[in-house]
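The block underneath contains the structure these notes are about, expressed in structure tokens.
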Amino acid sequence: MRNSYLAAAVKVAIAGVAACLAGCGSSASDQPGDAAQSQPAATEFAFDGATSDNRAAIQAHGERLSHVLGCRGCHTPTLEGANFGDFEPPFDGIYASNLTRILPDMSDEQLERLLRTGVHPTRGDLWVMPSETFQRLSAADMTALIAHLRTIKPSGKATPAPVLSDAAKGMIAAGVLKTAAKSVADYKASEPVDLGERHAFGRYVARNTCAECHGGDLTGIKDFTPDLTIASTYSAEQLTRLLTTGEGRPGSKLGLMAVVGKDHFSYLTPRERSAVIAYVKARADLPQ
């Protein structure tokens, strides 16, 4: 079970690589979320629970975000890391780090910079790290995520620094595999359509979740994920089930989305889930 989950998580991470090439340069309650002080490339919105005054509640919110945002997919449920090559041979030698071992050596400022910019404080380039979406996380959500990560005790073995395989070097030369920092820059030019205040919170959720696999503007990735206009073929009830249990319409083949729906989106609150569904359906109803 764990291996199948990790393999799917690696597919999600690698989708970010494909999104940079295929989607970045191309051209769903409905109430706004709580306001939060913004950081560069973040928004005024935040996931539910980000603005509590209770430290334990903030840490619990950060723990929930570690599921929603996929930290416990690529870095394993224990955050002890894994070799991407175990599931995708060209990525052999590129690791999702053992976070429990590296976090004590970083300040909060260094950790936030890594998450938002894709630049490691000591070794520079990062690979297959979805900082392109983390850059859009509100200050309140980022604070909560880091607060949770600070509660994790070191465990397992430290993962080594990345060593790029010949296959990975070939992908870099072809422009398919990019550094996380380059992905951040690409995604800044690729935004989901703004549908106004009514759908602003849902757009925030989509930017921080759906965009990782469906591209910065949600138009999909060729041969991997569809444009999220596909939401028009689902009812709100069907999308709610998909984003709660990973189950699609009868007879549908969801592939990776079945795992993401169950293991990531199931951690959304009902308000968050309703908001993102309302947003993607409203986007799908725009004149094409």
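For this chain, numbers begin at 1 and follow the sequence in order.
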Heavy-atom side-chain contact between [X] and [Y] under 4.5 Å:
X: D108; Y: E112; result: no
X: T245; Y: K262; result: no
X: C213; Y: T225; result: yes
X: F265; Y: M257; result: yes
X: L103; Y: Q110; result: no
X: H214; Y: I221; result: no
X: T269; Y: F47; result: no
X: C74; Y: F84; result: yes

Is any side-chain N of the basic residue among [X] and [Y] closer than 4.0 Å to the acidic one's carboxylate O?
X: R283; Y: D227; value: yes
X: E191; Y: R203; value: yes
X: K281; Y: D285; value: no

Listed partners of [X] passing side chain to side chain contact (heavy atoms under 4.5 Å, CB included), at least two apart:
X: Q59; result: R55, A147, T151
X: P89; result: none
X: A57; result: S52, N54
X: I102; result: S97, L99, M106

Hey, are [Y] and [X] close enough side-chain-wise for a donor-acceptor pair under 3.5 Å?
X: H120; Y: T122; answer: yes
X: E80; Y: S155; answer: yes
X: Y95; Y: D86; answer: no

Going by ring pair (Phe, Tyr, Trp, His ring centres under 6.0 Å), name the residues that satisfy it together with Y267, two or more places apart in sequence or in a different chain.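 Only H67 meet the ring pair (Phe, Tyr, Trp, His ring centres under 6.0 Å) criterion with Y267.
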Interatomic spacing from [atom1] in [X] to [atom2] in [Y] - rounded to 0.5 Å:
X: F45; Y: N208; atom1: CZ; atom2: CG; answer: 12.0 Å
X: R150; Y: I152; atom1: CZ; atom2: CD1; answer: 11.0 Å
X: L243; Y: S266; atom1: CG; atom2: OG; answer: 9.5 Å
X: L65; Y: I146; atom1: CG; atom2: CD1; answer: 11.5 Å
X: L69; Y: L137; atom1: CG; atom2: CG; answer: 6.0 Å
X: T76; Y: N98; atom1: OG1; atom2: CG; answer: 7.5 Å

Check whether any side-chain N or O of [X] sits under 3.5 Å from a backbone N or O of [Y] as a donor-acceptor pair, and report yes or no.
X: S131; Y: F134; answer: no
X: R101; Y: P154; answer: no
X: Q238; Y: S235; answer: yes
X: Y204; Y: S138; answer: yes
X: Q135; Y: E132; answer: yes
X: T179; Y: L126; answer: no
X: K178; Y: S183; answer: no

Contact summary for [X] and [Y], nearest pair of heavy atoms:
X: L254; Y: G246; answer: CD1-O, 3.4 Å
X: R72; Y: S66; answer: NE-OG, 2.8 Å
X: G49; Y: I58; answer: O-CD1, 3.9 Å
X: A211; Y: Y187; answer: O-OH, 3.0 Å
X: T100; Y: P104; answer: O-CD, 3.5 Å
X: G93; Y: N83; answer: N-OD1, 3.2 Å

Taking the six-membered ring for Trp and the full ring for Phe, Tyr or His, determine whether the centres of Y279 and F201 are under 6.0 Å apart. no
Only counting residues at least two apart or in another chain, list the ones meeting salt bridge (charged side-chain N to carboxylate O under 4.0 Å, His left out) with [X].
X: R64; result: E272
X: D125; result: none
X: D92; result: none

Tell me, which pairs form a side-chain hydrogen bond (donor to acceptor under 3.5 Å, both in side chains) where one or both residues lie in residues 157-177, sequence neighbours left out? none
Any residue meeting side chain to side chain donor-acceptor pair (under 3.5 Å) with [X], in chain and number order, not counting sequence neighbours:
X: S252; value: none
X: R249; value: T233
X: R113; value: none

Quick one: do D141 and H61 satisfy side chain to side chain donor-acceptor pair (under 3.5 Å)? Show the steps, please. CA-CA 8 Å; D141 283 324; H61 175 61; 2.8 Å; yes
Evaluation steps, side chain to side chain contact (heavy atoms under 4.5 Å, CB included), between T229 and L218: CA-CA 8 Å; T229 53; L218 308 183; over 6 Å; no
